[in-house]
> 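First the structure, which I've put down as structure tokens, then a few questions once you've had a look.
Here is how names work: the chains are called A, B, and so on, in the same order as the sequence lines, proteins then strands, and each is numbered from 1. A quick note: this is a predicted structure, and the numbers were derived from the prediction, not measured.
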There are 2 protein chains.
Amino acid sequence: MGYSVGQVAGFAGVTVRTLHHYDEVGLLHPSSRSHAGHRRYDDADLDRLQQILYYRELGFPLDQVAVLLDGPATDPREHLRRQHELLTARIAELTRMAAAVERAMEARKMGINLTPEEKFEVFGDRDPEEYAAESERRWGGTHSYQESQRRIAGYGKEDWRRMRDEITAWGARYRALMEAGGAPGSEAAMELAEAHRQHISRWFFDCHRKIHEGLAEMYVTDPRFRAYYQSIHPGLPEHLREAIRANAGRAAG
Amino acid sequence: MGYSVGQVAGFAGVTVRTLHHYDEVGLLHPSSRSHAGHRRYDDADLDRLQQILYYRELGFPLDQVAVLLDGPATDPREHLRRQHELLTARIAELTRMAAAVERAMEARKMGINLTPEEKFEVFGDRDPEEYAAESERRWGGTHSYQESQRRIAGYGKEDWRRMRDEITAWGARYRALMEAGGAPGSEAAMELAEAHRQHISRWFFDCHRKIHEGLAEMYVTDPRFRAYYQSIHPGLPEHLREAIRANAGRAAG
DNA sequence: GCTTGCACCTCACGTGACGTGAGGACGGAA
DNA sequence: TTCCGTCCTCACGTCACGTGAGGTGCAAGC
């Protein structure tokens, strides 16, 4: 019953040392130990390892993976869905990079010399600071703001990229919803509103539904946020506001 | 004239420290220093940095990046082409992973329990050992074999993955060539044969054209290699052998 | 003329995710 | 009984930087 480190390492394509490490840092404790102190992994452990490897492949640091996996009440299906979103976003990003390489080749063929900014466009991040500054005016001094700042301070370049990947994937889903004519009160729209709320909770501050409704209002009135969400779809700000309200109402009712 | 560390860091989306590091390890020495000892980067430096960032994004360790960039007579266009190939391969890999996630979701919905092997299929590597063992019988004791073993010993899991990505990308190109009806003697085929040779030179041992012709013979006669190349396209082994011969002949003539 | 501020410099130690032995215990096969 | 393979626990090494500490050069404001 159960599998040894060697076996698990075998079909997961990782080293034994990696499994030891995950045990050390508390990311994956084998469900039991044999008489001789040997690690024994069961099927649930393997499922967890699978999730770990997906998140790791997506570039998450191990402590973040632990937060994701041990976070409040996230079932396996939710993880798989998120992983799929993130993979899709990553694919989109690489596709953009491939396109940039093609453009660079074209430019070379034509003998055009790109400006430095153009050369590195594809690597750019640019905006997060704006958001932080913008939020400061709105939320300065509140608890949400402070927690947000505290968390943001710990984020590196990679974290920002993943954050962007997540919201990019979310945007793609929301646009698809709107193009399919989905109503703000529909199940799918409320689900995306909920995903939006959880995105904020994960990355910035504990965003409960009341605060979320406040943000929703801001997305239609504040020009900067409005511009961002409109870049995904022209009617998105209003649509999202209604979806957030519906989602908040659902939870209250 | 030229750009400062801060400027370069700015539009390349990296930190100043990263540029310092690349200078330290000899990956990117700025073309000059100012009177005060400040680093000055020119347009050629920026081009190099761009290449570095692409290869880094693709997961290459910095010393390998240095080898790639300072390797024998590789012009910028060749780099861009290779980067495009690698990106395409990476996209294909992520697409496979996304498909695997979809399958996992399906399995969960249906309540099916996958075997451990099935769970981790997508992470698997499996084969490199076989190749090494196989090569040993053929090339044991020769200089090529020893150099190959020496290099292989230094490769980690990531290296193998990139190696596979490269050959996967190459396989896709070769299959496309054959599906388009390209002859073994055509320019495109010889170019791919040359790419194949360089792949071996980069990852295993200095494969000059005589040795390459020997390998070509092996690809049609040895069942293991034959099976591998046939998995890309049924007629590939013979086609590749002729292309390699043509390419070797071209260089000799 | 002097401070202030900013972007730059060079050490040099810290970190995350393992790699890589060292030295030893356990259990099945020859 | 002696191997052999797999497992164990330290514990130091590595790679690509992060993160201060402490100092320099130079333009702008007082």
> From CD of B:E24 over to C1' of D:dT19, roughly how many Å is that when rounded to an integer?
14 Å
> Nearest-Å distance, CG (B:D23) to P (C:dC9)?
9 Å
> Relative to the ring of B:W170, is the ring of B:Y229 parallel (under 30°), tilted (30 to 60°) or perpendicular (over 60°)?
perpendicular
> Think A:T18 has a side-chain N or O under 4.0 angstrom from the OP1 or OP2 of C:dA17?
no
> Just how far, in rounded Å, is P of D:dA16 from OH of B:Y55?
16 Å
> Measure from OH on A:Y3 to P on D:dT6 and round the result to the nearest Å.
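Roughly 19 Å, once rounded to whole Å.
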> Can you measure B:Q64 atom CD to D:dC15 atom P for me and round it to whole angstrom units?
12 Å
> Should A:T15 be listed as having a side-chain N or O under 4.0 Å from OP1 or OP2 of C:dC18?
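For C:dC18, OP1/OP2 do not have a side-chain N/O of A:T15 under 4.0 Å.
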> Take atom CG of B:L19 and atom P of C:dA7, then tell me their distance rounded to the nearest Å.
15 Å
> If you compare all heavy atoms of A:L215 against all heavy atoms of A:C207, which two are closest, and at what distance to 0.1 Å?
CD1-SG, 4.1 Å
> Would you find more than 12 non-hydrogen atoms of other residues, nucleotides or ligands less than 6.0 Å from A:R77 atom CZ?
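12 or below, so no.
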> Please state how far atom NE2 in A:H21 lies from atom P in D:dC10, giving the value in whole angstrom units.
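Going from A:H21 (NE2) to D:dC10 (P), I get 16 Å.
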> Hey, is the side chain of B:R39 poking within less than 4.0 Å of OP1 or OP2 on C:dT10, counting only N and O atoms?
yes
> Is any side-chain nitrogen or oxygen of A:R40 closer than 4.0 Å to OP1 or OP2 of D:dC7?
no
> Between A:H38 and B:G6, which has a closest nucleotide on DNA chain C that is more 5'?
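On the 5' side of the pair lies B:G6.
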> Compare side-chain N and O positions of B:H20 against OP1 and OP2 of D:dC17 and report whether any pair is under 4.0 Å apart.
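Answer no for this pair, as no side-chain N or O of B:H20 is under 4.0 Å from OP1 or OP2.
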> Taking only side-chain N and O atoms of A:Y22, does any of them lie within less than 4.0 angstrom of OP1 or OP2 on C:dA17?
no
> Check the angle between the aromatic planes of B:H212 and B:H196 and answer parallel, tilted or perpendicular using the 30° and 60° thresholds.
parallel
> On a heavy-atom basis, which atom in A:L27 and which in A:R48 lie closest, and how many Å separate them?
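For A:L27 and A:R48, the tightest heavy-atom pair comes out as O-NE, 2.8 Å.
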> Could you check which of C:dC8, C:dC26, C:dA12 has an atom nearest any side-chain atom of B:R17?
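Selected nucleotide (nearest to the side chain): C:dA12.
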> Select one nucleotide: of C:dC18, D:dA16, C:dC26, the one nearest the side-chain heavy atoms of A:R56.
C:dC18
> Where each residue is assigned the nucleotide of DNA chain D containing its nearest heavy atom, which of B:H35 and B:F60 is assigned the position nearer the 5′ end?
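Its nearest nucleotide being more 5', the pick is B:F60.
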> Does C:dT10 have OP1 or OP2 under 4.0 Å away from a side-chain N or O of B:R33?
yes
> May I ask you to say what B:V25 touches in the nucleic acid, namely base, sugar-phosphate or nothing, with a heavy-atom cut-off under 4.0 Å?
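Since no nucleic acid heavy atom lies under 4.0 Å of B:V25, the category is nothing.
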> Looking at A:S4, I'd like to know whether one of its side-chain N or O atoms comes within less than 4.0 Å of OP1 or OP2 on D:dC7.
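Yes, such a contact exists.
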